[in-house]
J.: 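This is the structure, below, for whatever I ask next.
Just so you know, residue 1 is the first one in the sequence shown, and it goes up from there. The structure displayed is predicted, hence computed values, not measured ones.
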Amino acid sequence: MMTEKMLSALNPEQRDAVCHEGSPLLILAGAGSGKTRVITTKIAWLIRERSVDPASILAVTFTNKAAREMAERAKALDERAASAVIRTFHSFGAWFMRRNAALADADSGFTIYDDTDSVTLLSKAVPDLARNRTASLVHRISRAKDYCLEPDSPKLDIIDPDPEFRRIYGLYQQRLRETGNLDFGDLIMLPVKILRENEEVRRRIRQRFTVILVDEYQDSNVAQFELLRALTGENTYLCVVGDDDQSIYRFRGAEVQNILSYPEQFLNTTVIRLERNYRSVKPILAVADQVVRNNKGRLGKTLLAQRPGEKKPVLLFLHDQDEESAFCAQLIQDAVQKGGHWADWAVLYRTNAQSLGFETEFLHRQIPYRVVGSLKFYEREEIKDALAFLALAVNPRNSVAFHRVVNKPARGLGAVTQDKIVEEARRSLYAAGTGAGDGAENSGSIIDACSRMLGSLSTKAQGGLTEFLHIMASLNAALENAEPGDTLAVFIEKLIDCTGLGEYYRAEDEIAGSQRMANLQELMNGAALYPLSREGLVQFLEHIELDRSMEQQEESADSVTLITIHNTKGLEFPRVIMTGMEAGIFPRDDKDPSELEEERRLCYVGITRAKDELYLTSCASRRLYGKTAPMRPSLFLEEMEPASIEVIGMDPWKMRSRQHRDDGLSGQRPRDLWSPGQKLFHDDYGYGIIQKTCYTDGEFVVTVQFEYGEPRRFMPKYQGHSLLRVKDDEF
């Protein structure tokens, strides 16, 4: 009775997957199809219905959170499931190595080295390597282990063809074995090696685990596939669950071919597709399918909506990223005023750097928000570093900024030396009289103190301090010698280059797959609105500080989510806005065919996060690298069928004829509210006059000539809040 009750909660395909036995099984589980329910029910069903010893069940996944959830849900179905081994791949590898460490010349009490430990170890093994070079090599060693490649492996050239890499990798491994410890790559590679080479261990482990279940199989790398193959014997029941259309972690080593080739790698595989989607309404699933079906590398499935709802996704063409953030804010505010919740909404973007515009707009409108998966923009390390250089250029007495950047990147200037310099600056301040100087304009200047202290330092410290002084001199010269029309973007571009932050964070991006340089470039984009002068720099820093002070408000549980598309995996929201749908942003321009397919899968993941409503935004222009550039709509938008989406705004590239919505401004004709000759005020552009009005692709547009600058176009329906109508005597 209990078993039937458990199975009755499943749809026919889910039930088939749970009750399948014998041959290898691939459960191709589409987004929102209930895969976790299937795998946990299968564990309980095997124990209860097939009398499988729980201790002989091994279930692996990729995060501790997922492993805990799987264990808790399986135990809730049958208490005996608590004895099953449910772990992450790396946790299982550690479990295995504790029992077999001696076979790999490791200590059973080994410590697991993280990336920082590995960099330190390699620097000791090869002392003449620069720190950035060392970190980059550790990253490549880690990637080699993801492919189960040792220093003498013939295929190591696919990671790095330089013979020097093979030698350095060998020295690293030798030093690692001498310590008796393991790094994260070893936790997968060494069990594979032991299982391949030791028949007794292989026989014993295959007897122990007669059932192996793998969740999120599309995220597995080559080494994890090899481990799975080594664990699987003739009598092993193997079941993997995954979605080839959601393989989006190639940058972490994930190999989509693992799931695509599963039926060939494990003969007589049964494939069961879970296509019933319990998350999104039909129109959202339709556009998701229209995009992802353009991929050649997929097993194929079509999601079937199980929830009612016919609201089409909405595509909005906007002028630039400022209008994009303003539109998103207004759309969300309007929905909340009608009784919705802030937490209903998620704003998605391709890179973390794109969060800045939304954070700024939301702060000014007092919209509560949270940034998921990363720090808020101004809290990010690389942004704080750049701002510290800017602050020191404005105020050479800023000791906090000085301490942050004088030795970053490392220049051999430790804390003791820094404190001596700051004390010298303080001494000069009081020697000149209290306050700002009593005629000594630069009294208390830390930069001047650096110059005075040079002769008293060690040779190494002198070199580092001389380099720092040269940097500050270059920055000050750039401020004093600006060309007409230059903006602060030029200054920040120079700062990124001459301070060494660019080289430092480019190396870190290569190692960690992070986006720190993109964040610095977004800071540059924000600075493009200010003139290159000391006054402009002061205004820019003041604007940032005001924004940062507003961030201090307590985060509300009911808040809008700002999140990269990668970080949305496994999440869902009633209403989703996917932003930056432009060529070069999403997808990037430099994608080879396999990378483009992964970008397309990423688009599919983003779309299928939406339950009830989906909005897509595409800008005609965007600030990139400190300059405004024209943008084309994303290739993914062109792959959506015209009848499947509703379009608002002017398509700058006239992709194709589409359906359009009217203005609907509370029953009033737009021209009555926004007529030629009407005088306006805008916070950013000042006073202006409406020159002309028109309908463009069904949208009412006004052209405003401001006192200064080029004419600007606005859609009053979405941007009317930023335009204040004024009387003649106020103009």
J.: Counting distance only, does the side-chain N/O of R273 pair as donor-acceptor with the main-chain N or O of G300 below 3.5 Å?
T.: yes
J.: Using 30° and 60° as the class limits, which term best fits the ring planes of H682 and F714: parallel, tilted or perpendicular?
T.: tilted
J.: Any side-chain heavy atom of M581 sitting closer than 4.5 Å to one from L315?
T.: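 No, every pair of side-chain atoms sits at 4.5 Å or beyond.
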J.: Please round to the nearest 0.5 Å and tell me the distance separating atom NZ of K42 and atom CD of Q14.
T.: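 Between atom NZ of K42 and atom CD of Q14 there are 12.5 Å.
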J.: We want to know whether N525 and Q521 form a side-chain donor-acceptor pair, criterion being a heavy-atom distance below 3.5 angstrom.
T.: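 No, Q521 and N525 have no side-chain donor paired with an acceptor closer than 3.5 Å.
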J.: For P313, give me all partners under side chain to side chain contact (heavy atoms under 4.5 Å, CB included), at least two apart in sequence or on another chain.
T.: P283, I284, V287, L614, I645
J.: Do other residues, nucleotides or ligands put more than 12 heavy atoms under 6.0 Å from K569 NZ?
T.: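 Yes - once you tally the heavy atoms of other residues, nucleotides and ligands closer than 6.0 Å, there are more than 12.
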J.: Regarding E69 and K65, does a basic nitrogen lie under 4.0 Å from an acidic carboxylate oxygen?
T.: no
J.: Taking M524's backbone N and O only, do any of them form a donor-acceptor pair with E493's side chain (distance below 3.5 Å, no angle check)?
T.: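 Absent.
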J.: Where does the angle between the aromatic ring planes of H90 and F184 fall among parallel (under 30°), tilted (30 to 60°) and perpendicular (over 60°)?
T.: perpendicular
J.: I want to check something: taking the side chain as every heavy atom from C-beta on, are T561 and L571 in contact at a cut-off of under 4.5 Å?
T.: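 Answer no - side chains too far apart.
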J.: Using residues 29-39 as the side-chain source, report each donor-acceptor pair under 3.5 Å to any protein atom, sequence neighbours left out, with the distance given to one decimal.
T.:
residue: S33; atom: OG; partner: G30; partner atom: N; Å: 3.3
residue: S33; atom: OG; partner: G30; partner atom: O; Å: 2.6
residue: K35; atom: NZ; partner: D215; partner atom: OD1; Å: 3.2
residue: K35; atom: NZ; partner: D215; partner atom: OD2; Å: 3.4
residue: K35; atom: NZ; partner: E216; partner atom: OE2; Å: 3.1
residue: R37; atom: NH1; partner: A9; partner atom: O; Å: 3.0

J.: For G253, does its backbone N or O pair with a side-chain atom of D146 as donor and acceptor, under 3.5 Å?
T.: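 No, the answer is negative, given that no donor and acceptor are paired below the 3.5 Å cut-off.
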J.: Would E646 and K312 pass as an ion pair if we require N to O under 4.0 Å?
T.: no
J.: Would you say the side-chain atoms of E255 pair up with the backbone N or O of S220, donor to acceptor, closer than 3.5 Å?
T.: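 No; judged by distance alone, with no hydrogens or angles, the pair does not exist.
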J.: Test V291 against Y604 for side chain to side chain contact (heavy atoms under 4.5 Å, CB included), laying out the working first.
T.: CA-CA 7 Å; V291 172; Y604 170 87; 5.7 Å; no
J.: Do E572 and R279 meet the salt-bridge criterion of a basic N to acidic O distance under 4.0 Å?
T.: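 Here R279 pairs with E572 in a salt bridge, since their nearest N and O are under 4.0 Å apart.
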J.: Is there a donor-acceptor contact under 3.5 Å from the side chain of H319 to the main chain of A620?
T.: no
J.: Where the side chain of S355 meets the backbone of K376, is there a donor-acceptor pair that is under 3.5 Å apart?
T.: no
J.: How are the rings of Y349 and F358 set to each other: parallel, tilted or perpendicular (split at 30° and 60°)?
T.: parallel
J.: Within the 3.5 Å criterion, strictly below it, is a donor on D243 or Q218 matched to an acceptor on the partner's side chain?
T.: no
J.: Looking only at non-hydrogen atoms, find the nearest pair between S618 and P633 and report the distance.
T.: OG-CA, 3.7 Å
J.: Does atom NZ of K75 have more than 12 heavy-atom neighbours from other groups under 6.0 Å away?
T.: no
J.: Would you please name every residue forming a salt bridge (Lys or Arg N to Asp or Glu O under 4.0 Å) with R600, sequence neighbours left out?
T.: E639
J.: Going by atom types alone, do R601 and Q246 pair a side-chain donor with an acceptor below 3.5 Å?
T.: no
J.: Does I367 reach the side chain of E361, with side-chain heavy atoms less than 4.5 Å apart?
T.: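 Result no, sub-4.5 Å side-chain heavy-atom pair not found.
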J.: Examine distances only and state if a side-chain atom of N277 and a backbone atom of L303 form a donor-acceptor pair shorter than 3.5 Å.
T.: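 Not at all, since once roles are kept as given, no pair shorter than 3.5 Å links the two residues.
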J.: Is it true that a side-chain atom of E582 and a backbone atom of C619 form a donor plus acceptor pair closer than 3.5 Å?
T.: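 Pair found, side chain donor or acceptor close to backbone of C619.
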J.: Compare every heavy atom of A629 with every heavy atom of L624, then report the nearest pair and how far apart it is.
T.: CD1-CB, 4.4 Å
J.: Between A288 and I607, which heavy-atom pair has the shortest distance, and what is it?
T.: CB-CG2, 3.6 Å
J.: Using a strict cut-off of less than 4.0 Å between a Lys/Arg side-chain nitrogen and an Asp/Glu carboxylate oxygen, indicate whether R623 and E522 qualify as a salt bridge.
T.: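 Salt bridge flag = no for E522 with R623.
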J.: Assess the residue pair L299 and V271 against the criterion (side chain to side chain contact (heavy atoms under 4.5 Å, CB included)); give the C-alpha distance rounded to whole Å, side-chain angles, the decisive distance to 0.1 Å, and a yes or no.
T.: CA-CA 10 Å; L299 296 172; V271 179; 5.6 Å; no
J.: Which of parallel (below 30°), tilted (30 to 60°) and perpendicular (above 60°) describes F586 and F636?
T.: perpendicular
J.: Can you find a heavy atom in the side chain of V240 that is under 4.5 Å from one in the side chain of Y262?
T.: yes
J.: Assess whether a salt bridge exists between K311 and D612, defined as any Lys/Arg side-chain N lying under 4.0 Å from an Asp/Glu carboxylate O.
T.: no
J.: Write down the atom of A353, the atom of A518, and the distance for their closest heavy-atom approach.
T.: CB-O, 3.3 Å
J.: Are D320 and R712 within salt-bridge range, i.e. N to O under 4.0 Å?
T.: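 R712 and D320: salt-bridged.
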J.: Looking at side-chain heavy atoms only, is the closest gap between C239 and I27 below 4.5 Å?
T.: yes
J.: Minimum heavy-atom separation for L501 to D385, with atom names?
T.: CD1-CB, 4.0 Å
J.: Show, in sequence, the C-alpha distance, side-chain angles and deciding distance for Y504 and D509, and conclude whether the side chain to side chain donor-acceptor pair (under 3.5 Å) test is met.
T.: CA-CA 9 Å; Y504 179 82; D509 285 348; over 6 Å; no
J.: R250 and S594: side chain to side chain donor-acceptor pair (under 3.5 Å), yes or no, with the steps?
T.: CA-CA 10 Å; R250 182 177 178 178; S594 63; 2.6 Å; yes
J.: If you count heavy atoms of other groups shown closer than 6.0 angstrom to CG of N567, is the number above 12?
T.: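 Correct, the count exceeds 12.
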J.: Just by modelled atom types, is the A610 backbone N or O under 3.5 Å from a matching donor or acceptor in the S280 side chain?
T.: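 Confirmed, S280 side chain pairs with A610 backbone.
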J.: Give a yes-or-no answer on whether the side chains of D244 and Y217 include a donor-acceptor pair shorter than 3.5 Å.
T.: no
J.: Show, in sequence, the C-alpha distance, side-chain angles and deciding distance for E381 and Y505, and conclude whether the side chain to side chain donor-acceptor pair (under 3.5 Å) test is met.
T.: CA-CA 10 Å; E381 177 187 1; Y505 284 118; 3.3 Å; yes
J.: I'd like to check L304 versus K282 (side-chain heavy atoms, cut-off strictly below 4.5 Å). Are they in contact?
T.: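 A side-chain contact is absent here, since even the closest heavy-atom pair is not under 4.5 Å.
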J.: Output yes when E379 and K384 qualify as a salt bridge under the 4.0 Å nitrogen-oxygen rule, no when they do not.
T.: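 K384 and E379: not salt-bridged.
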J.: Quickly, which of E324, Q321, Q354 forms a side chain to side chain donor-acceptor pair (under 3.5 Å) with R622? Name it, please.
T.: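 Of all the options given, the one that passes is E324.
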J.: Taking only Lys NZ, Arg NE, NH1 and NH2, and the carboxylate oxygens of Asp or Glu, determine whether E598 and R298 approach each other closer than 4.0 Å.
T.: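 Looking at E598 and R298, the cut-off is not met.
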J.: Using distance alone, with no hydrogens and no angle criterion, decide if R350 and T579 have a side-chain donor and acceptor under 3.5 Å apart.
T.: no
J.: So do V241 and L213 actually touch side chain to side chain, heavy atoms under 4.5 Å?
T.: no
J.: Are I332 and V347 close enough, and set up right, to give a side chain to side chain contact (heavy atoms under 4.5 Å, CB included), and what steps lead you there?
T.: CA-CA 10 Å; I332 294 169; V347 177; 4.2 Å; yes
J.: Are R365 and Q330 close enough, and set up right, to give a side chain to side chain donor-acceptor pair (under 3.5 Å), and what steps lead you there?
T.: CA-CA 9 Å; R365 292 180 183 237; Q330 191 65 47; 2.9 Å; yes
J.: On a heavy-atom basis, which atom in V314 and which in I648 lie closest, and how many Å separate them?
T.: CG1-CD1, 3.8 Å
J.: Under 3.5 Å, is there a donor-acceptor pair between the side chain of D558 and the main chain of W342?
T.: yes
J.: Any side-chain heavy atom of I585 within less than 4.5 Å of one from M631?
T.: yes
